[in-house]
Amino acid sequence: MTEKYDVIVIGGGHAGCEAATASARMGAHTLLVTMDMNKIAQMSCNPAVGGIAKGQIVREIDALGGQMALVTDATAIQFRMLNRSKGPAVWSPRSQCDRGKFIWKWREVLDHTPLLDVYQDQAEELLVEHGEAVGVRTLWGAELRAKSVVITAGTFLRGLMHVGSKQVEGGRIAEPSVHHLTESITRHGIRSGRMKTGTPVRIDRRSVHFEDMERQDGETDFHQFSFFGPHRPLEQRPCWICYTNPKVHERLMSDISLSPLYNGQIQSIGPRYCPSIETKLMTFPEREQHLLFLEPEGEDTNEMYLNGYSSSMPAEAQIEALRHIPGLRDIKVYRPGYAIEYDFFDPTQLHHTLESKVISGLFLAGQVNGTTGYEEAGGQGLVAGINAALRCAGTDTFTMRRDESYIGVLIDDLVTKGVDEPYRMFTSRAEYRVLLRQDDADERLTERAYSIGMATRERYEWWMEKKAAISRVTEYCTQTHVKPAQVNALLEHVGTSPIKGGCLLIDILSRPQVTLQQMAEILPELQAILHAPENRQEEIAEGAEIRIKYKGYIDRERMMAEKMQRLESIKIRGHFDYENLQAISIEARQKLARINPATLGQASRIPGVSPSDINAMLVLMGR
């Protein structure tokens with residue numbers, strides 16, 4: 001069996017689904033190869049999307065014409081905007097989703113995407129001819145040929161699961177690992193390594209004493225993930241909070257010698273920012289409790305997820321320890337937590353398009369690049385799918401700068417710095433986070449997406465309507481004077497000083513206590529201007545208000561980004577023989593030769609390349 005396509009995507013996880021739909025929407029005849037069509041976009045760990053900085057990535061995927069935000073909104077059973085107590089630069093949306101409905105909503109998206117085929121099989125070998133990826137050979141002997149190949153294999157490459165001393169091969173619980181694909185890639189000079197991740201025990205809600213826990217409800221306001229889709233249709237569910245205690249810790253520590261993490265059974269690197277419960281106990285021995293969240297897995301299931309209790313301890317130790325928590329004293333479990341080791345590839349061997357520098361036509365996205373998280377995977381998958389399709393068409397590539405998106409920060413970090421542990425996005429990784437807010441992803445990216453054919457005309461027109469509405473509001477606030485009689489009652493009510501004479505409305509809105517919606521309630525003309533199509537008035541008001549209140553910060557950060565962009569415009573690839581460049585340090589020579597950055601800006605972000613090294617290179621280039 002031999003089939004020919006423009007683009008083949010290997011793996012039906014979050015990166016693979018975004019890559020396949022993006023490629024097809026770009027006009028490339030695309031094939032998605034997955035081991036199990038009934039587990040498309042499986043949420044292997046927590047059935048939740050978003051979180052700190054991750055939520056911004058999902059909104060960027062949506063602004064670019066991707067699907068994760070739409071699928072999330074359609075299957076969300078609890079929504080929250082995190083970091084509300086801080087400034088809007090770090091507000092981050094998060095949704096708990098119905099795991100089963102999430103899969104079938106993604107299946108619906110794939111099934112209704114023109115130019116996209118799905119084939120259930122397992123890729124066993126990458127086919128390479130004359131240094132170029134030309135397809136894959138599968139477990140069942142099919143030879144699938146394409147102009148571009150995207151690998152999004154997640155944790156399946158030589159996956160090995162651990163529960164205590166028990167080791168079982170697999171990419172996820174009850175799913176097989178892929179044995180030979182890694183070797184068929186590394187034989188061509190691509191470097192690989194091993195990483196580790198884990199997941200918690202799953203609990204039967206009927207055995208939980210919720211009266212001994214703290215209830216945490218979601219939010220029901222206008223916020224959602226997609227700028228474009230309908231509001232959340234499913235019934236919203238609460239989460240629950242509880243804590244470990246010294247008895248829990250004592251029981252776990254009594255079997256710490258049986259933990260694969262501490263007896264030498266697991267040698268690979270785990271995620272620093274999502275540690276197992278045994279890692280928490282070993283790292284913070286003085287702590288008497290650790291926060292746990294018990295979260296629903298769906299509308300209609302009794303299965304619940306214990307966030308904060310990832311573990312590879314023996315099953316009996318995991319369960320017996322939990323029964324020392326009052327709300328979990330009688331728990332029944334569906335399955336214990338487990339750790340999994342898997343192969344990844346060195347991302348410094350990739351271009352910013354996520355195409356390999358070693359094998360042309362090969363794109364890598366998701367956990368195979370050393371990242372962790374559905375959102376980071378989805379963002380990479382989208383970029384890889386777009387560029388795989390553009391390569392087939394022979395047109396320009398699509399990349400994003402660090403001041404343009406969190407996805408741009410993510411990919412630049414990967415290809416410039418590499419990874420020594422599973423990479424997770426945080427707002428602190430972005431130097432321009434005032435520019436990269438969750439509310440303005442459509443402003444940053446939708447017009448670019450429309451220009452390359454990713455965003456639909458309908459999505460683009462909605463953004464243009466929203467853009468015009470925000471402009472009308474800000475213009476009105478900049479030009480309109482208000483008198484004390486109009487606003488003083490409101491100002492005193494919200495706890496800020498009244499005005500003594502007339503002033504511009506924008507000056508009133510600069511006060512942190514005053515909101516645009518409050519002013520609209522007392523200024524009918526402003527209320528009329530705020531009227532928006534499809535009941536999106538609140539979204540427009542929030543966008544305009546943030547732009548007004550934070551204008552000084554936004555302008556200053558944009559100026560800083562423009563200065564840095566000068567270094568990004570200086571192309572250096574092919575201009576230097578780094579090994580013989582005596583004007584820079586030995587470490588800089590080694591790092592620059594290994595990564596071979598495209599621009600001086602990228603070179604400046606490589607660990608070990610100092611500002612004096614950059615200055616020396618500028619002098620040598622006559623700048």
Side-chain angles (χ1 to χ4, degrees), residues 12-14 17 34-51 68 70-80 94-110 154-155 161 163 170-175 198-220 224-225 231-242 292-311 315 318-319 322-323 325 327-338 340 373-375:
H14 303 273
C17 287
T34 179
M35 295 168 64
D36 190 343
M37 292 173 61
N38 296 318
K39 293 182 179 177
I40 290 286
Q42 169 74 289
M43 303 171 98
S44 308
C45 199
N46 193 351
V49 170
M68 182 178 281
L70 289 164
V71 173
T72 299
D73 288 338
T75 60
I77 54 175
Q78 189 190 91
F79 180 91
R80 297 179 65 220
R94 181 188 187 271
S95 275
Q96 198 73 18
C97 295
D98 186 302
R99 184 191 299 276
K101 291 182 174 67
F102 190 92
I103 291 171
W104 289 102
K105 187 62 181 179
W106 253 116
R107 273 291 301 271
E108 180 184 329
V109 170
L110 297 175
T155 60
M161 296 178 289
V163 178
R172 271 193 302 250
I173 196 76
E175 296 182 60
T199 190
V201 60
R202 302 305 201 272
I203 292 172
D204 187 335
R205 68 174 293 118
R206 294 169 296 185
S207 64
V208 177
H209 293 272
F210 292 106
E211 68 276 10
D212 292 321
M213 295 185 172
E214 177 186 341
R215 180 178 172 125
Q216 183 186 56
D217 288 303
E219 299 172 4
T220 57
Q224 59 187 54
F225 271 101
H231 207 53
R232 300 181 293 275
L234 299 187
E235 181 181 350
Q236 301 300 285
R237 303 282 184 173
C239 294
W240 304 85
I241 295 173
C242 60
L292 305 177
F293 295 90
L294 189 61
E295 300 172 327
E297 297 252 343
E299 266 192 317
D300 309 310
T301 178
N302 289 318
E303 188 174 354
M304 301 194 79
Y305 177 95
L306 190 58
N307 195 346
Y309 198 78
S310 174
S311 181
Q318 295 183 40
I319 297 166
L322 284 176
R323 286 180 175 151
I325 298 173
L328 303 178
R329 59 186 179 271
D330 295 317
I331 57 161
K332 295 179 180 178
V333 304
Y334 288 106
R335 64 178 182 273
Y338 63 91
I340 180 169
Y374 314 139
E375 304 82 5

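In this chain, residues are counted from 1 in sequence order.
Under the 3.5 Å distance criterion, with hydrogens and angles disregarded, a donor-acceptor pair is assigned to the side chains of Asn46 and Gln96.
Note that the OG atom of Ser207 and the CG atom of Asp330 stand 7.5 Å from one another [nearest 0.5 Å]. Distance check, rounded to the nearest 0.5 Å: CH2 of Trp106 to CG of Leu70 gives 9.0 Å. For the atom pair Phe225 CZ and Cys97 SG, the distance stands at 7.5 Å (nearest 0.5 Å). Between Asn307 atom CG and Leu294 atom CG the span is 9.5 Å, to the nearest 0.5 Å. How far CD1 of Ile340 is from OG1 of Thr199: 10.0 Å, rounded to the nearest 0.5 Å. Within the model, atoms CZ of Arg323 and CD1 of Ile331 stand 5.5 Å from one another, a figure rounded to the nearest 0.5 Å.
Between Trp240 and Val208 the shortest side-chain heavy-atom distance does not fall below 4.5 Å. Looking only at side-chain heavy atoms (C-beta outward), Ile40 and Cys17 come within less than 4.5 Å of each other. By the 4.5 Å heavy-atom criterion applied to side chains, Pro238 and Pro296 are not counted as neighbours. Between Trp104 and Val109, every side-chain heavy-atom pair lies at or beyond the 4.5 Å cut-off. A 4.5 Å side-chain heavy-atom check between Ile203 and Tyr334 finds every atom pair outside the cut-off. Side-chain atoms of Leu306 and Leu322, non-hydrogen and from C-beta on, do get closer than 4.5 Å to each other.
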*Just do the side-chain contact (heavy atoms from CB on, under 4.5 Å) check on Arg329 and Asp212 with the steps written out, would you?*
CA-CA 10 Å; Arg329 59 186 179 271; Asp212 292 321; 2.6 Å; yes

*What's the verdict on side-chain contact (heavy atoms from CB on, under 4.5 Å) for Asp300 and Lys101, showing C-alpha distance, side-chain angles and the deciding distance?*
CA-CA 10 Å; Asp300 309 310; Lys101 291 182 174 67; 3.0 Å; yes

_Between Met213 and Leu328, is the side-chain contact (heavy atoms from CB on, under 4.5 Å) condition met? List the steps._
CA-CA 9 Å; Met213 295 185 172; Leu328 303 178; 3.3 Å; yes

*Would you please test Thr72 and Gln224 for side-chain contact (heavy atoms from CB on, under 4.5 Å) and show each step?*
CA-CA 9 Å; Thr72 299; Gln224 59 187 54; over 6 Å; no

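Using a distance-only test at 3.5 Å, with no hydrogens or angles considered, no donor-acceptor pair links the side chain of Arg232 to the main chain of Ile77. In this structure a side-chain-to-backbone donor-acceptor pair under 3.5 Å is missing from Ser311 to Pro200. Under a 3.5 Å cut-off, the side chain of Tyr309 and the backbone N or O of Gln318 do form a donor-acceptor pair. The backbone N or O of Glu299 lies less than 3.5 Å from a partner atom in the side chain of Asp98, making a donor-acceptor pair. With hydrogens and angles disregarded, a donor-acceptor distance shorter than 3.5 Å links the side chain of Tyr374 to the backbone of Cys45. For Thr301 (side chain) and Gly298 (main-chain N/O), no donor-acceptor pair under 3.5 Å exists by modelled atom type. A donor-acceptor pair under 3.5 Å is formed between the side chain of Gln78 and the backbone N or O of Arg237. Between the side chain of Arg107 and the main chain of Met37, a donor-acceptor pair closer than 3.5 Å is present.
Nearest approach of Val163 to Pro336, heavy atoms of both residues: CG1-CG, 4.4 Å. Nearest approach of Arg172 to Ser44, heavy atoms of both residues: CD-OG, 2.9 Å. Here the closest heavy-atom approach between residue Phe79 and residue Ser95 is recorded as CD1-OG, 3.2 Å.
Residues Arg335 and Glu303 are paired through a salt bridge, judged by an N-O separation under 4.0 Å between the basic side chain and the carboxylate. Ion pair Asp73/Lys105 not flagged as a salt bridge, since none of the NZ, NE, NH1 or NH2 atoms sits closer than 4.0 Å to an Asp/Glu carboxylate oxygen.
Screening Arg202, Arg205, Arg94 for a salt bridge (Lys or Arg N to Asp or Glu O under 4.0 Å) involving Glu295 leaves a single residue, Arg94.
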